[in-house]
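Chain identifiers are assigned alphabetically (A, B, ...) following the order of the sequence lines, protein sequences preceding nucleic acid strands; residue numbering begins at 1 within each chain. Nothing here was measured: the structure is a model prediction, and the numbers come from that model.
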Amino acid sequence: MSAAGENSTWSEERVRGVRAQFPILERQVNGRPLVYLDNAATAQLPRSVTDALAQHLCWNNANIHRGAHALGEEATAAYENARATLLRFLRAPQNSLAVFTSGATQGINQVARGLERRIDAESAVLVSALEHHSNFLPWLELCKRTGAELRVAPLDDHGDICTERFEELLSDGRVRICAITACSNVTGGVTQLEPLVQAAHRSEALVLVDAAQAARALCLDVGALGCDYAVLSGHKMCAPTGVGVLYGTAEALELLEPSVFGGGMVDELEGAAPRYSALPDCLEAGTPNIAGAIALGCAAEYLESLGRSELEQREMELTSLAETLLAEVPGVAVVGSPRKRCGAVSIVHSSIGSYDLGQLLDAQGIATRSGRHCAIPAMQRLGAESALRISPAFYNTGTEIEVCAAALERAIWMLERY
Amino acid sequence: MCAACETRERCFLEDIELLDDRLLQHEYILSHIECLDVLPPELCTLDRKVEGCASNAWMELAAEDGRMHVRMTSESLIIKGLLGVVTLIVQDRPCPEVANWEPEFLEHPQLKPQLTIDRRKGLHAIVAAIRSFAAQQSSAR
């Protein structure tokens with residue numbers, strides 16, 4: 001029996017109880033029970049989150065901060081309460097803040113734009129070859145605008161960021177900011193962040209951690225880590241799409257110039273000299289996604305309620321099981337061999353393309369993802385043009401992983417005959 | 001097989017309708033790979049590449065004695081199967097008939113869910129290019 005089966009840290013009763021919170025898992029797709037293994041793209045929402053969303057929209061819906069009425073006060077309180085919850089979720093230290101964004105992509109762009117005047121042709125920006133395009137393109141474009149040099153830390157043979165090379169790329173003191181993922185969306189490889197953050201800080205570079213992929217399963221302690229910025233995406237941590245968080249120390253966020261302008265961010269406006277509001281308001285122009293932020297706070301509470309280390313253990317077990325079973329399928333190779341893998345396993349087949357495999361898995365009710373996963377540099381380095389990604393979450397079962405491996409074998413058998 | 005495009009397409013759709021399982025439908029589509037006149041690898045060049053297809057696909061269109069002749073291929077086996085279906089429908093049919101063919105299969109309720117939006121877009125582009133070529137050939141005559 002599998003690691004995530006009878007030997008799992010979660011009892012079958014607990015798994016059943018958790019799954020009961022996710023109505024979507026009861027669905028049938030193409031005449032078969034849904035096996036949802038595309039959690040690295042979007043995780044599902046528990047009832048507590050959808051209930052909070054409905055509660056807000058049905059009973060408390062109003063704009064925040066500006067209304068002199070009960071609903072406005074209730075919405076403001078819920079929104080700010082969500083902000084406080086997310087800071088606790090991140091183990092944020094005193095004197096740090098959470099800015100609500102539309103997701104990790106917007107958060108990273110906000111930092112890249114916000115630092116622009118501090119970056120010049122003498123500067124360098126350091127990313128890794130493991131990054132999702134959302135943590136690559138904003139820096140590439142920043143470097144194009146400013147003439148700064150974009151440095152890309154290579155991967156080692158496992159597919160992890162090479163710490164030694166990362167440190168070497170910092171050595172001339174020109175790097176102003178390092179932007180690194182906490183967990184790869186391709187390999188599921190978990191970055192050992194501490195040495196990278198320490199090395200960057202020794203070189204007086206800022207550090208942004210892309211925690212979009214990591215936040216659901218891995219207990220990120222930004223206080224202990226000491227990063228300057230971190231970004232989250234709600235939809236990867238059981239909240240709706242369209243909401244996320246840019247975390248930063250107050251000192252680091254003060255460095256950012258606003259890049260989006262509008263209502264709710266200005267205290268005084270006389271002539272051409274606006275006086276922008278204090279953080280975080282100056283970075284939240286316009287009406288934010290209030291309902292999404294409240295739901296995200298609720299999702300963070302839900303994940304906390306499961307026990308963060310138990311949740312991490314659970315996802316590690318399921319990922320490990322997926323890696324083992326998929327690697328046993330004839331013709332299949334697992335992409336990368338990171339030292340610690342959580343939440344995603346990508347595979348390639350020796351002769352069959354990932355889109356065909358994904359389509360035949362869908363025909364069997366199994367949701368996975370095919371392609372380059374918005375991480376072309378990583379895919380190139382890992383020698384995969386296109387890969388099928390299986391990404392379990394804590395509510396999946398060992399049996400579902402086994403069903404997926406069997407369905408993959410069936411798909412390959414079908415396709416290999418042509 | 002000398003039936004008209006519409007008849008050929010209808011026969012294919014009737015067969016698909018008999019299959020109530022997605023996997024069997026895919027199996028049936030894959031079986032049409034044998035209908036392809038496969039474009040050889042050395043002719044899979046940029047000018048023959050189909051734009052908008054998530055999996056690379058190539059085609060070469062020709063008219064012989066006023067009849068349509070298509071050679072196609074793709075990196076994807078499922079797309080190859082669907083290109084085989086297109087080949088089955090249009091191959092050796094008179095160009096005016098191909099130009100006037102109003103394809104149904106890509107929007108058919110049992111086939112549409114089989115294809116991602118990207119893949120459907122690519123196949124629409126292929127069918128449109130075939131019909132446009134056939135129309136040009138028809139007017140040239």
Side-chain angles (χ1 to χ4, degrees), chain A residues 27-38 41-42 133 331-332 347-376 379 384-389 403-418, chain B residues 16-39 41 44 49-50 52-58 72-88 106 108-123 126:
Chain A
R27 263 199 67 169
Q28 298 263 316
V29 168
N30 292 330
R32 292 172 167 87
L34 168 67
V35 175
Y36 188 79
L37 292 169
D38 193 20
T42 287
H133 293 167
V332 164
I347 57 162
V348 290
H349 185 269
S350 51
S351 62
I352 301 167
S354 70
Y355 285 103
D356 284 345
L357 293 174
Q359 200 163 334
L360 289 196
L361 287 180
D362 179 57
Q364 298 172 79
I366 300 165
T368 58
R369 185 154 292 250
S370 304
R372 297 188 287 183
H373 308 291
C374 297
I376 291 174
M379 294 285 285
E385 194 174 315
S386 171
L388 179 80
R389 183 180 69 191
V403 165
C404 175
L408 180 69
E409 211 160 340
R410 191 178 183 190
I412 291 167
W413 175 79
M414 263 179 72
L415 291 162
E416 270 186 332
R417 289 181 296 149
Y418 295 97
Chain B
I16 279 282
E17 285 163 7
L18 287 173
L19 304 169
D20 58 1
D21 179 86
R22 280 281 147 78
L23 219 47
L24 289 176
Q25 289 170 359
H26 272 105
E27 182 90 67
Y28 185 58
I29 289 167
L30 286 165
S31 73
H32 284 77
I33 289 176
E34 66 182 32
C35 300
L36 272 180
D37 184 352
V38 180
L39 192 67
C44 293
K49 196 170 173 185
V50 179
C53 205
S55 304
N56 289 328
W58 297 265
M72 300 187 277
T73 194
S74 171
E75 289 172 350
S76 155
L77 290 165
I78 294 171
I79 295 293
K80 274 175 95 167
L82 288 160
L83 296 179
V85 174
V86 174
T87 304
L88 173 81
L106 290 173
H108 188 274
Q110 273 172 284
L111 266 181
K112 200 173 170 180
Q114 303 272 32
L115 297 166
T116 61
I117 290 167
D118 283 346
R119 286 190 153 181
R120 214 165 49 243
K121 209 161 65 182
L123 283 161
I126 288 169

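- Contacts between residues 403-415 of chain A and chain B, defined by a heavy-atom separation under 4.5 Å, are made by A:Arg410, A:Met414, A:Leu415.
- A:Glu416 CD: more than 12 foreign heavy atoms inside a 6.0 Å radius.
- Listed by sequence position, B:Glu27, B:Leu30, B:Ser31, B:Ile33 are the residues of residues 27-35 of chain B in contact with chain A, using a 4.5 angstrom heavy-atom cutoff.
- Using a 4.5 Å cut-off on side-chain heavy atoms (C-beta onward), A:Arg417 and B:Leu77 make no contact.
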For B:Asp21 and A:Arg32, run side-chain contact (heavy atoms from CB on, under 4.5 Å): C-alpha distance rounded to whole Å, both residues' side-chain angles, the deciding distance at 0.1 Å, then the answer.
-> CA-CA 10 Å; B:Asp21 179 86; A:Arg32 292 172 167 87; 3.3 Å; yes
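- Ranking B:Glu75, B:Lys80, B:Gln25, B:His26 against chain A, the residue ahead of the rest is B:His26, based on heavy-atom pairs under 4.5 Å.
- For B:Asp20, no part lies under 4.5 angstrom from a heavy atom of chain A.
- Annotation for B:Arg120: atom CZ counts as buried by contact number, over 12 foreign heavy atoms lying within 6.0 Å.
- Counting only distance, with no hydrogens or angles, the side chain of A:Asn30 and the backbone of B:Arg22 share no donor-acceptor pair below 3.5 Å.
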